[in-house]
> 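Shown below is the structure under consideration.
Computed over heavy atoms, backbone and side chain alike; hydrogens, waters and symmetry mates excluded.
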Amino acid sequence: QDFSKARMVNFTKPEFLITRQGNSKFVIVLENSESMNSDGYWHFIRTALRNLITEDLPDSAEVGLVVFNTAAHIAHPLVQLGPAGQSDARQSLSLSIKSRHNLFPSKQMAGCVACGVQKAIETLQVSRSLGGVIIVISKGGKHTMSEAEKTQLVSLTSKHQVQLFSVSLTATPTLAIVAEESLGQSWTLQGEDHGTGNEP
């Protein structure tokens, strides 16, 4: 299956399936604010990402990690993963995703998703070749990204030939558009208390 259009899907546990073989560079862009632990989601997000890193991504993949809240920084530079089950690189990268006790006090403020994506593109530029996949995991929401930021990210992902995939706890229309324009895909996590899919 080739991801070609953005869509919104209801599910309660994040699962990542990377099926495009042409891309070998990935940057995970993870919001690390306390708002990410709504209804205990952080445990599932952290577990899914660790499994993605330690088991699911191919040996040849280069993967980096960017974390963001009100600002963004590179938590782990691009590194080739190597064989699953016997790779220090996989272990080191997975351990960079901390427990809920290390989440940034958010005071309900939206994280700077645009900052995270820009830092991810900076991370990818370490390699001389264009292209790559950015996976954004965020709280989301209607006010997460401005129209100006959306336009800027559409331009940046096109310029650097980057695909963007997003997983948000709440619907984020502007980020979904960036994903669609980059030939990526977007999902919204919706548990019992996150019924954004039923809103008019």
Side-chain angles (χ1 to χ4, degrees), residues 3 5-9 11 13-18 20 23 25-33 35-38 41-42 44-46 48-50 52-53 56-57 61 63-76 78 93 96-97 103-104 106 109-125 131-147 149-190 194 196:
F3 295 139
K5 293 184 179 180
R7 61 174 179 168
M8 309 305 288
V9 184
F11 58 103
K13 182 177 179 180
E15 297 179 356
F16 302 94
L17 178 63
I18 305 299
R20 174 165 288 189
N23 288 310
K25 297 184 297 180
F26 302 84
V27 178
I28 298 166
V29 179
L30 178 62
E31 183 171 353
N32 66 341
S33 64
S35 61
M36 290 291 287
N37 197 38
S38 301
Y41 269 131
W42 186 256
F44 298 109
I45 292 168
R46 183 172 179 245
L49 286 175
R50 285 189 161 188
L52 177 72
I53 292 165
D56 298 336
L57 287 171
V63 184
L65 174 67
V66 167
V67 296
F68 73 95
N69 36 73
T70 56
H73 75 273
I74 299 171
H76 201 293
L78 280 178
L93 185 57
S96 298
I97 303 173
L103 293 175
F104 182 80
S106 61
M109 293 187 298
C112 183
V113 174
C115 301
V117 175
Q118 290 168 9
K119 189 63 70 172
I121 290 174
E122 178 184 323
T123 304
L124 289 169
Q125 287 179 320
V133 173
I134 294 175
I135 303 170
V136 180
I137 301 95
S138 67
K139 170 67 174 178
K142 295 179 180 178
H143 304 294
T144 295
M145 182 184 297
S146 68
E147 287 293 321
E149 288 173 330
K150 179 201 74 176
T151 300
Q152 181 185 27
L153 293 187
V154 167
S155 175
L156 282 173
T157 53
S158 175
K159 176 181 177 181
H160 296 283
Q161 300 176 22
V162 169
Q163 274 188 290
L164 187 143
F165 297 87
S166 72
V167 179
S168 305
L169 300 191
T170 53
T172 313
T174 47
L175 186 56
I177 291 171
V178 176
E180 180 177 15
E181 291 292 328
S182 72
L183 302 182
Q185 200 168 4
S186 64
W187 294 268
T188 298
L189 305 185
Q190 296 177 5
H194 298 278
T196 52

> With sequence neighbours left out, what residues match S146 under side-chain contact (heavy atoms from CB on, under 4.5 Å)?
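By the side-chain contact (heavy atoms from CB on, under 4.5 Å) rule, S146 matches A148, E149.
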> Please report the shortest heavy-atom distance between L93 and V63, naming the atom on each side.
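What the structure gives for the nearest pair is CD2-CG1, 3.5 Å.
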> Is the closest side-chain heavy-atom distance between L52 and I135 below 4.5 Å?
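Contact flag for L52/I135 side chains = yes.
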> Look only at the side chain of S138 and the backbone of E31, and say whether a donor-acceptor pair between them is shorter than 3.5 Å.
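Flag not set: sc S138 to bb E31 has no pair under 3.5 Å.
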> Working to the nearest 0.5 angstrom, can you tell me the gap between K139 NZ and Y41 OH?
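One finds 9.0 Å between NZ of K139 and OH of Y41.
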> Could you pull out the closest heavy-atom pair between L65 and S96, with the gap in Å?
CD2-CB, 3.6 Å
> What distance separates H160 NE2 from E122 CD, expressed to the nearest 0.5 Å?
10.5 Å
> Look up atom CD in Q152 and atom OG1 in T157, then write down how far apart they are to the nearest 0.5 Å.
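The distance works out to 10.5 Å.
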> Which of these passes side-chain contact (heavy atoms from CB on, under 4.5 Å) with L30: I137, V66, V136?
I137
> Specify the closest pair of heavy atoms between A61 and F26, including all atoms of both residues, with the distance to one decimal.
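Smallest interatomic distance, heavy atoms only, reads CB-CE1, 3.8 Å.
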> For N37, what residues pass the side-chain hydrogen bond (donor to acceptor under 3.5 Å, both in side chains) criterion, not counting sequence neighbours?
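None.
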> First locate atom CD1 of I28, then atom CG of L57, and finally report the distance between them rounded to the nearest 0.5 Å.
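Output value for this atom pair is 7.0 Å.
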> Measure across L153 and A114 and return the closest heavy-atom pair with its distance rounded to 0.1 Å.
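Shortest heavy-atom separation between L153 and A114 comes out as CD1-CA, 4.0 Å.
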> List in chain and number order the residues that pass side-chain contact (heavy atoms from CB on, under 4.5 Å) with E181, two or more places apart in sequence or in another chain; answer none if no residue qualifies.
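Listed in chain order: V154, I177.
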> How close do A120 and I134 get, heavy atom to heavy atom, and via which atoms?
CB-CD1, 3.7 Å
> For S155, what residues pass the side-chain contact (heavy atoms from CB on, under 4.5 Å) criterion, not counting sequence neighbours?
none
> What's the spacing between L156 CG and S182 OG if we round to 0.5 Å?
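Going from the CG atom of L156 to the OG atom of S182 covers 12.0 Å.
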> Output the distance between atom CH2 (W42) and atom CD1 (I97), rounded to the nearest 0.5 Å.
7.5 Å
> Taking all non-hydrogen atoms of both residues, which atom of T172 and which atom of G141 are closest, and how far apart?
OG1-N, 3.0 Å
> Would you mind reporting whether K159 and I121 have side-chain heavy atoms less than 4.5 Å apart?
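A side-chain contact under 4.5 Å is absent here.
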> Counting C-beta onward and ignoring hydrogens, is there a side-chain heavy-atom pair between V27 and I74 closer than 4.5 Å?
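A side-chain contact is absent here, since even the closest heavy-atom pair is not under 4.5 Å.
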> Please determine, by modelled atom types, if S166 and S168 share a side-chain donor-acceptor pair under 3.5 angstrom.
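No, no side-chain donor-acceptor pair sits under 3.5 Å.
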> Can you tell if the side chain of T144 reaches within under 4.5 Å of the side chain of T174, non-hydrogen atoms only?
no
